[in-house]
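Structure, as structure tokens:
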Amino acid sequence: MKPNDELVVVYETQGLMRAEIIKAKLESAGIPAMLKYESAGRTMGIIVDGLGKVQVLVRKEDEHVSSELLKEEK
């Protein structure tokens, strides 16, 4: 991904493990992805009140293909 790429959220979950699996699925299909999360949730292992929320982001141009790939995940 380039610094000026517009990113969109294609998946959101509680906890890092599930988000890492989704990210790997996208990347195995050739779609670059990144994770966005609150660092306190990760370091302390807290998954309440939004602290464990993890968003999977892709480039805007990959949004449609990503959504199709992740249909059964939601």
Problem set entry | Short N-O contact, E68 and K25, less than 4.0 angstrom | no

Problem set entry | Separation between CD1 of I31 and CG of L69, rounded to the nearest 0.5 Å | 5.0 Å

Exercise. Could you state the interatomic distance from CZ (R18) to OH (Y11), rounded to the nearest 0.5 Å?
Worked result: 4.5 Å

For this session: Find out whether I22 and L70 are in side-chain contact, i.e. whether some heavy atom of one side chain is under 4.5 Å from a heavy atom of the other.
Result: yes

Exercise. Which pair of heavy atoms, one from V58 and one from P32, lies closest together, and at what distance?
Worked result: CG1-O, 3.7 Å

Exercise. Rounded to the nearest 0.5 Å, how far apart are CG of L26 and CE of M34?
Worked result: 13.5 Å

Exercise. What's the spacing between K23 NZ and L57 CG if we round to 0.5 Å?
Worked result: 11.0 Å

Exercise. Looking at side-chain heavy atoms only, is the closest gap between L35 and L16 below 4.5 Å?
Worked result: yes

For this session: Could you check if a side-chain atom of E20 sits within less than 4.5 angstrom of a side-chain atom of M17, using non-hydrogen atoms only?
Result: no

Exercise. Is any side-chain heavy atom of K53 closer than 4.5 Å to a side-chain heavy atom of Q14?
Worked result: yes

Problem set entry | Pairwise distance CG(D5) to CD(E61) - rounded to 0.5 angstrom | 6.0 Å

Seminar exercise, completed: Looking only at heavy atoms, the pair that brings R59 and V8 closest together is O-CG2, 4.2 Å

Exercise. How far apart are the closest heavy atoms of V10 and S67, and which atoms are they?
Worked result: CG1-OG, 4.5 Å

Problem set entry | Validation row: V56, V9 side chains within 4.5 angstrom (heavy atoms) | no

